[in-house]
Amino acid sequence: MNDEAARKPFPVSWDQFHRDARALAWRLNGAGPFQALVAVTRGGLVPAAIVAREIGMRVIDTLCVASYDHTTQGEMQILKGLSDAVVKLGGEGGKGLLIVDDLVDTGKTARVVRQIAPKAHIAAVYAKPMGKPLVDTFITEVSQDTWIFFPWDTGLSFQPPIRDGAA
Ligand SMILES: O=P(O)(O)OC[C@H]1O[C@H](OP(=O)(O)OP(=O)(O)O)[C@H](O)[C@@H]1O
Ligand SMILES: O=c1[nH]c(=O)c2nc[nH]c2[nH]1
Ligand SMILES: [Mg+2]
């Protein structure tokens, strides 16, 4: 389902996101050793910064993919693959690389990431049921018919009272 209006809104504040990303870092702290951290751009950049700080990683790369135009999923494009230096740090198939994204939804992005680095550890802060089996670690599961609104995509706005039809 790609229609944002038909989905249950799940707004996440900066505070909540920081807490959830820290919880992910707690879990990942014992899951290594990791030679490098890779953020799946752009959404993975924010949790990657928090996880890197918490588990003491300083070699950080990006895997740049694009698939959604706002809420409509289109063709997956790999705009930049893993850097040679990071590929060399990891073992065969990306073993020892920690790859972080903000969420896994249909699993399309994670599937592409897996093809690139089948032995890497893939982590996401949030997971929907379809994507859940494709990640090694996640923190919070939300239903498939939920649309997560991240704090970097939203701002404060007036909320109509519940009795006037607020969601
Ligand atoms: O499991 P999937 O159905 O593939 O959806 C999850 C992906 O979708 C979003 O990225 P998006 O492609 O919108 O780009 P962005 O990170 O630049 O916002 C999100 O950050 C995940 O990477
Ligand atoms: O901001 C977002 N919220 C979502 O629930 C989602 N699913 C895929 N891509 C997404 N982006
Ligand atoms: Mg993304």
Side-chain angles (χ1 to χ4, degrees), residues 2 10 12 14 16-69 71-144 146-153:
N2 285 319
F10 183 86
V12 177
W14 281 111
Q16 185 63 49
F17 190 83
H18 194 184
R19 259 196 299 275
D20 291 340
R22 264 212 180 123
L24 182 65
W26 270 106
R27 218 165 272 176
L28 293 171
N29 197 34
F34 298 120
Q35 272 68 53
L37 190 154
V38 178
V40 182
T41 71
R42 294 160 304 179
L45 288 164
V46 187
I50 296 165
V51 168
R53 188 263 179 188
E54 296 299 340
I55 68 173
M57 300 199 64
R58 292 190 182 267
V59 180
I60 299 163
D61 192 14
T62 53
L63 187 54
C64 304
V65 297
S67 67
Y68 281 82
D69 175 12
T71 56
T72 310
Q73 196 170 27
E75 266 311 294
M76 175 77 62
Q77 279 182 285
I78 299 169
L79 307 172
K80 177 199 154 290
L82 296 175
S83 304
D84 290 346
V86 159
V87 170
K88 280 187 200 132
L89 278 177
E92 189 230 323
K95 192 166 164 47
L97 300 183
L98 170 60
I99 306 187
V100 174
D101 207 346
D102 52 354
L103 90 137
V104 60
D105 185 327
T106 62
K108 196 172 162 185
T109 305
R111 205 169 279 120
V112 168
V113 172
R114 262 285 166 243
Q115 276 166 11
I116 294 170
K119 294 191 180 157
H121 189 109
I122 304 179
V125 183
Y126 303 105
K128 299 185 192 179
M130 273 175 76
K132 201 170 68 158
L134 290 148
V135 292
D136 299 295
T137 307
F138 68 91
I139 292 300
T140 301
E141 181 170 354
V142 299
S143 63
Q144 199 67 44
T146 293
W147 189 263
I148 302 171
F149 287 95
F150 290 105
W152 51 89
D153 284 334

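- Contact detail for A117 and L82: the closest heavy-atom pair is CB-CD1, 4.5 Å.
- In terms of heavy atoms, A25 sits closest to I55 at O-CG2, 3.6 Å.
- The two residues A39 and G44 make their nearest non-hydrogen contact at CB-O, 3.7 Å.
- Of the inter-residue distances, the one linking K108 atom NZ with M76 atom CE reads 5.0 Å to the nearest 0.5 angstrom.
- Between R114 and L134, the shortest heavy-atom contact is NH2-O, 3.5 Å.
- The stretch residues 36-59 participates, sequence neighbours left out, in no ring-ring contact (aromatic ring centres under 6.0 Å, His included) pair at all.
- With R58 contributing its side chain and A52 its backbone, the two residues share no donor-acceptor pair below 3.5 Å.
- Listed here is the closest heavy atom pair of L37 and A48: CD2-CB, 3.5 Å.
- Here W152 pairs with W14, F17, F150 under the ring pair (Phe, Tyr, Trp, His ring centres under 6.0 Å) rule; sequence neighbours left out.
- Taking CZ of F34 as the start and CE of M57 as the end, the distance is 7.5 Å to the nearest 0.5 Å.
- The closest side-chain heavy-atom distance from R53 to R22 is below 4.5 Å.
- Contact annotation: the side chain of F138 never approaches that of K128 to less than 4.5 Å [non-hydrogen atoms, C-beta and beyond].
- Atom CG in D105 sits 14.0 Å away from atom OH in Y126 (nearest 0.5 Å).
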Only pairs under 3.5 Å count here: list side-chain donor-acceptor contacts from residues 83-99, not counting sequence neighbours, and write none if there are none.
residue	atom	partner	partner atom	Å
S83	OG	D61	OD1	2.8
S83	OG	D61	OD2	3.2
E92	OE1	K119	NZ	3.3

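- Taking CG of N29 as the start and CD of E54 as the end, the distance is 9.0 Å to the nearest 0.5 Å.
- The structure places CZ of R42 at 9.5 Å from CG of L79, a figure rounded to the nearest 0.5 Å.
- The shortest side-chain heavy-atom distance between I116 and I78 falls under the 4.5 Å cut-off.
- Between atom CH2 of residue W147 and atom CG of residue D153 there is a gap of 9.0 Å, rounded to the nearest 0.5 Å.
- The pair D136-R27 does not meet the salt-bridge criterion, since no charged nitrogen lies less than 4.0 angstrom from a carboxylate oxygen.
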Report the C-alpha separation of I50 and H18 in whole Å, then their side-chain angles, then the decisive distance to 0.1 Å, and conclude whether the side chain to side chain contact (heavy atoms under 4.5 Å, CB included) test is met.
-> CA-CA 7 Å; I50 296 165; H18 194 184; 3.9 Å; yes
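- Here the closest non-hydrogen pair linking C64 and T41 is CA-OG1, 3.1 Å.
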